[in-house]
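In what follows, a single structure is set out as structure tokens and then discussed.
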Amino acid sequence: MLRSGGFLLAVLVVGVILTGAYVWTSMDTELNVTADGQIYEVLPGATINGISANLAREQILSGSPVAFRLYARATASKGHIKAGEYRLVPGMTGRTLLSLFRSGKVVRHEITFVEGWTVRQWRQRLAAEPQVQQTLDGVQDNALMSQLGKDDMSPEGQFFPDTYQYTRGETDVSILARAHRRMIEVLEIEWARGTRNPVLASPYQALILASIVEKESGYEPDLPRIASVFLNRLSRNMRLQSDPTVIYGIDEFDGNLTRSDLARANDYNTYTVRGLPPTPICNPGLASIRATLNPEPSGFLYFVARGNGTSEFSETLEDHNAAVTRFQKAGRVENYQSAPATQKNDQKNR
């Protein structure tokens, strides 16, 4: 009986050794991954049995799914598998794949919001992102900020343009919340650093003016001078007469700004209303915020687009009218004789 027991023990030991060698070899076998890599998603609540079976079904796992399960259980002390998207690359083995699943180093997607976009454009961009969990469908703009805990605030201008990383399943509100916190942070820093004009009574007023500066020019070196024009006009109680503000107040702008549009009164028509509009007209970038809070000292009250992306600045209406005649078509001169600027390039008009 002792001999029989010893034999069985020997068989068991050999079996364990062979099984271990089999599992080890299987886990060191390279995965079947496309040359440029691929994404694999571990769903929330997925079990090791389900993951191994799915890897085998998708022919990603070259080794045995049984070996994958056995190795995962034998090394359970190294951590749990975490849900998310993972990037698989050539050369990975079952062992490195399991380590990746335990690391939680999931794929991070990127979404970019351009300077000068409106809240409507931000929402359209988010809605087009398939990896983002959509929670704002049917939520009106005026109710958007309540989702961020800011009930009495217009959402326009409240989000800092930048590229944001996110993981699959993150909500649209979560991304907007990060962009909002970033805008608050940037505005506070720049407000504290700036050599701002006394006509701006608060960071929010600076944000409103920065949004107008943003929409007036895509040529960054001109921004501090454009800011000075509007600040000079505010200090003299002159109307800002900015086309982008008028455009913002038109619900469905068709791309053609007319004389009747300039004459039609609304809260955003700075041809008819003095001072700043009630809210920003877009989400301005850092350059426009800095330009607004650090304007170029000048006596300029007018500017007009030269047609090459830059602007011509003038201190008097006479000089401005001459510049308009020089740089604008004759048919448009009359419309802009008393205005500080013409429309910005089409890329940032809307």
To the nearest 0.5 Å, tell me how far Q131 CD sits from E41 CD.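 So the CD of Q131 and the CD of E41 are separated by 9.5 Å.
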
N/O donor-acceptor pair under 3.5 Å between [X] side chain and [Y] backbone:
| X | Y | value |
| --- | --- | --- |
| N294 | R290 | yes |
| N54 | G50 | no |
| T325 | N321 | yes |
| E190 | P203 | no |
| H180 | F159 | no |
| R196 | T292 | no |

Heavy-atom pair with the smallest gap, counting every atom of [X] and [Y]:
| X | Y | value |
| --- | --- | --- |
| V304 | V324 | CG2-CG2, 4.1 Å |
| V33 | L88 | CG1-O, 3.5 Å |
| T118 | N283 | C-ND2, 3.7 Å |
| T245 | P277 | CG2-CG, 4.4 Å |
| L61 | P65 | CD2-CA, 3.7 Å |
| S242 | I212 | OG-CG2, 3.4 Å |

Would [X] and [Y] pass as an ion pair if we require N to O under 4.0 Å?
| X | Y | answer |
| --- | --- | --- |
| D141 | R120 | no |
| R123 | D172 | no |
| R178 | E170 | yes |

How are the rings of Y302 and H320 set relative to one another: parallel (under 30°), tilted (30 to 60°) or perpendicular (over 60°)?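 Rings of Y302 and H320: parallel, under 30°.
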
Measure up the F113 and Y164 rings against each other and bin them: parallel (under 30°), tilted (30 to 60°), perpendicular (over 60°).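 Judged by the thresholds at 30° and 60°, the geometry between F113 and Y164 is tilted.
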
Working note: E156 + Y248, criterion side chain to side chain donor-acceptor pair (under 3.5 Å); need CA distance, chi angles, decisive distance, verdict. CA-CA 11 Å; E156 199 66 82; Y248 185 81; 2.7 Å; yes

[Y] versus [X], side-chain donor and acceptor atoms under 3.5 Å:
| X | Y | result |
| --- | --- | --- |
| T279 | Y204 | no |
| T29 | S62 | no |
| H109 | E129 | no |
| R239 | T270 | no |
| R102 | T75 | yes |
| E110 | Y166 | no |
| N308 | T310 | yes |
| Q38 | R87 | no |
| D319 | T316 | yes |

Worked verdict on Q133 versus R168 for side chain to side chain donor-acceptor pair (under 3.5 Å): CA-CA 8 Å; Q133 183 181 345; R168 183 182 183 89; over 6 Å; no

Is it true that atom CG of D254 has more than 12 heavy atoms of other residues, nucleotides or ligands lying nearer than 6.0 Å?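 Atom CG in D254 is packed in, count exceeds 12.
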
Quiz item: cation-pi between R125 and W117, 6.0 Å / 45°: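 Verdict for W117: no cation-pi partner in R125.
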
A cation-pi test, strictly: NZ or CZ of R264 under 6.0 Å from the centre of the six-membered ring of Y271 and no more than 45 degrees from its axis. Yes or no?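 Checked: cation-pi criterion not met.
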
